[in-house]
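Some notes on the structure that comes next.
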Amino acid sequence: EYVSVDSSYNDMERKLKKILKKNTSNIYLIKAQTGLGKTKLYVDIIKNSIYKNHKPYLIAVPTTSLKTEIYKKIGDTYIANFPSLEDLPISYELYIKIKELYCRGLNKYTNHLLEEFYNDNSDFKLIELYLHPHKFLYENRRNVIMTHSRFLQLPKAILRKYEIIIDEDILYYMLHCTGTVHINSLKKGIDNKIFTPKQEKKIKKILNIKNDHYAHLPYLDTEYNNIEKLDSLNINDNLNALFHAEAFFKTKVTIYYMLPLSLEKVKVTILSATLNVNLYDSFFPDRIIKFTEIAEAQYKGNLIQYYHYSTSRNKIHELGKQFHSSSIFFKKIIEFVPNYDYAITFKEFESHFLDNTLHFGNVAGIDYYAGKDGIIVGTYHLPESVYKLAACYIHGTGKNLHKQILRRRTVYFNGYHFPMMSYEDKILRNIQLYLISTELEQAIGRSRLLRTNSTIYLFSNFPCQQATLSKIDYLKKGNADALS
């Protein structure tokens with residue numbers, strides 16, 4: 001049974017304010033629908049200074065653009081905008097150079113470059129704040145807003161000074177902290193004896209993993225920062241991330257890795273529509289997790305879901321071959337839904353929609369399509385290695401993960417049971433379903449169906465909450481009239 005939007009909002013407000021009064025080190029999860037007003041709620045709390053003797057607030061959001069948007073809503077009087085790299089007043093050439101060094105894990109050199117720039121441009125206080133965050137956060141008693149990635153770099157000694165609110169599901173961000181290293185780069189490093197004994201020992205263990213197998217190895221607190229030597233050997237991989245990683249997958253030419261998931265043991269409150277308490281329990285077994293789900297309100301708008309085809313990336317390619325081109329497949333969808341304001345699909349297919357297109361993996365926190373009608377085409381399956389690396393991390397071993405095969409199974413999720421390609425292992429299946437549903441929920445949320453009379457036309461066979469389901473074959477000639 002649904003409640004009114006106002007009742008749902010009031011329920012969320014009451015529960016958040018109750019949590020903010022608690023003095024614990026728990027993780028509090030508040031699951032509330034997209035568009036209910038989570039951001040508005042904590043913005044109002046900060047602006048109204050509800051708790052006079054309260055710790056200052058630290059707000060963490062997924063992207064720099066969302067951070068800037070919320071900072072403008074709150075205002076500099078109430079909160080400090082903690083800079084991301086994109087905020088810094090530096091040239092495009094320097095920005096690209098720094099990004100490349102970050103991708104190689106050579107953070108020490110990025111700091112050197114910025115220090116040099118700051119010494120010549122001391123008026124740019126944002127750079128000082130970016131380079132020396134601890135000093136500001138220790139000495140100032142101001143509310144601050146920053147990105148998820150910046151928040152995760154802060155030590156417990158700083159975080160305990162703040163009341164922390166995390167906007168959007170940070171676990172989803174953390175599960176994407178993966179990367180690859182070329183095996184040839186590791187062999188070149190060993191052959192040229194550039195590593196310490198501990199570094200070489202871990203690398204050799206990684207190289208000893210059987211091809212197409214997974215393994216869990218302990219975190220190694222070390223870094224290799226000799227950029228001259230790396231450049232001379234043409235090694236551009238992020239070796240430092242590899243040393244820190246704990247879950248690994250090996251192919252003939254590449255090592256895939258996942259960085260450890262860690263939340264400092266301080267109180268945090270996470271507000272999101274996609275929270276999965278079972279996964280939080282699995283990834284943070286040493287923490288007390290308190291979960292509350294806000295009473296659900298009915299959409300004002302419409303979610304119409306066409307599930308005749310799976311619309312995974314592979315299925316779209318397969319359908320494209322039937323029509324001799326994927327562009328014809330998308331043309332048929334556009335003929336089926338001729339009136340729309342924006343579209344969301346896989347990045348490689350964005351060009352099939354002329355304007356106002358987003359791609360999966362880049363939709364969180366975007367508000368400018370509120371009240372607009374949208375088309376969503378796709379079921380966002382990630383590479384198997386992402387699911388299995390996460391399962392490897394939880395299990396603490398990669399044993400038998402290579403035996404977990406995608407097969408057509410009946411799965412149960414969010415009150416639905418349906419057939420899909422999935423796994424026998426329950427944790428692995430839960431990770432897969434969570435990641436798919438989270439991306440779809442984020443995509444659907446762009447129109448703000450809860451509060452606007454807009455319509456989303458979803459082409460996917462993954463069931464979504466409050467969808468009106470249609471099995472019509474939208475690719476068949478003559479079915480374009482079905483909407484009228």
Side-chain angles (χ1 to χ4, degrees), residues 29 31 33-34 169 171-172 174-176 178 214 247 249 258 261 272-283 289 291 293 296 303-319 344-346 360-361 376-395 397-445 456 458-473:
L29 306 178
K31 186 172 183 178
Q33 292 166 276
T34 302
D169 191 351
L171 178 59
Y172 184 74
M174 296 168 85
L175 287 176
H176 286 77
T178 59
Y214 293 79
F249 171 59
M258 172 173 279
L261 282 70
S272 177
T274 61
L275 298 168
N276 184 312
V277 64
N278 293 327
L279 285 182
Y280 272 86
D281 283 333
S282 296
F283 280 107
I289 313 287
F291 177 75
E293 188 162 9
E296 190 174 357
L303 173 59
I304 304 172
Q305 182 169 1
Y306 301 96
Y307 65 98
H308 191 87
Y309 301 98
S310 75
T311 63
S312 64
R313 188 185 282 104
N314 289 339
K315 185 64 177 180
I316 291 175
H317 280 296
E318 183 185 313
L319 290 168
I344 300 173
T345 188
F346 299 99
F360 292 122
I376 301 171
V377 182
T379 305
Y380 190 59
H381 295 272
L382 290 166
E384 278 197 77
S385 60
V386 176
Y387 307 138
K388 290 185 176 181
L389 283 169
C392 177
Y393 182 85
I394 289 176
H395 289 311
T397 177
K399 187 179 180 181
N400 297 325
L401 275 174
H402 65 286
K403 296 179 182 178
Q404 286 293 320
I405 306 298
L406 278 172
R407 290 202 177 99
R408 191 170 178 82
R409 309 173 194 274
T410 299
V411 299
Y412 298 84
F413 188 74
N414 275 349
Y416 296 95
H417 64 277
F418 52 98
M420 71 172 286
M421 299 294 287
S422 193
Y423 304 96
E424 183 180 7
D425 182 271
K426 288 183 179 179
I427 287 180
L428 187 55
R429 190 189 318 146
N430 198 14
I431 292 167
Q432 178 200 23
L433 296 173
Y434 162 73
L435 289 171
I436 293 171
S437 65
T438 295
E439 195 61 37
L440 279 176
E441 174 65 33
Q442 288 290 350
I444 292 164
I456 290 286
L458 171 63
F459 296 84
S460 168
N461 70 338
F462 192 93
C464 295
Q465 297 291 328
Q466 297 197 42
T468 300
L469 300 174
S470 172
K471 197 168 174 26
I472 189 171
D473 185 348

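Please read these numbers as outputs of a predicted model, since none were measured by experiment. By convention here, the first residue in the shown sequence is residue 1.
Below 30°, between 30° and 60°, or above 60°: for Phe249 and Tyr214 the angle between ring planes is below 30°, a parallel geometry. Using cut-offs of 30° and 60° for the angle between ring planes, the Phe459 and Tyr306 rings count as parallel.
Considering only heavy atoms from C-beta on, Ile444 comes within 4.5 Å of Leu458 through its side chain. Residues Glu296 and Lys31 fail the side-chain proximity criterion, which asks for heavy atoms closer than 4.5 Å. Contact annotation: the side chain of Ser437 approaches that of Phe413 to within less than 4.5 Å [non-hydrogen atoms, C-beta and beyond]. Within the 4.5 Å cutoff, the side chain of Ile376 has no heavy atoms near those of the Thr345 side chain.
Within the 3.5 Å criterion, the main-chain N or O of Pro419 finds no donor-acceptor partner in the side chain of Arg409. Panel note: side chain Gln465, backbone Asn414; a donor-acceptor pair is recorded below 3.5 Å. Distance alone, capped at 3.5 Å, is enough to place a donor-acceptor pair between the Lys388 side chain and the Leu401 backbone. A distance-only check finds a donor-acceptor pair linking the side chain of Tyr393 to the backbone of Leu261 [under 3.5 Å]. Distance alone, capped at 3.5 Å, is enough to place a donor-acceptor pair between the His308 side chain and the Lys471 backbone.
In summary, the side chains of Tyr423 and Glu384 do present a donor paired with an acceptor at a separation below 3.5 Å, with no hydrogens or angles considered. Under 3.5 Å, the side chains of Asp169 and Thr274 contain a donor-acceptor pair of N or O atoms. A donor-acceptor pair shorter than 3.5 Å cannot be found between the side chains of Tyr387 and Asp425. Side-chain contact annotation: Gln305 with Thr468, donor-acceptor N/O pair under 3.5 Å absent. A side-chain donor-acceptor contact under 3.5 Å links Ser422 and Gln432.
A pairwise comparison of heavy atoms in Leu440 and Cys464 identifies CD1-SG, 4.0 Å as the closest pair. The shortest non-hydrogen separation linking Met420 to Leu433 is SD-CD2, 3.4 Å. When all heavy atoms of Ala391 and Ile431 are compared, the closest pair comes out as N-CD1, 3.6 Å.
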Query raised in the report: When you look at Phe462 and Phe418, which way does the ring-ring contact (aromatic ring centres under 6.0 Å, His included) test go after all the steps?
Result: CA-CA 8 Å; Phe462 192 93; Phe418 52 98; 5.5 Å; yes
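For the pairing with Tyr309, the side-chain hydrogen bond (donor to acceptor under 3.5 Å, both in side chains) check across Asn461, Thr379, Asp473 returns one residue only, Asp473.
Lys403 NZ: 12 or fewer foreign heavy atoms inside a 6.0 Å radius.
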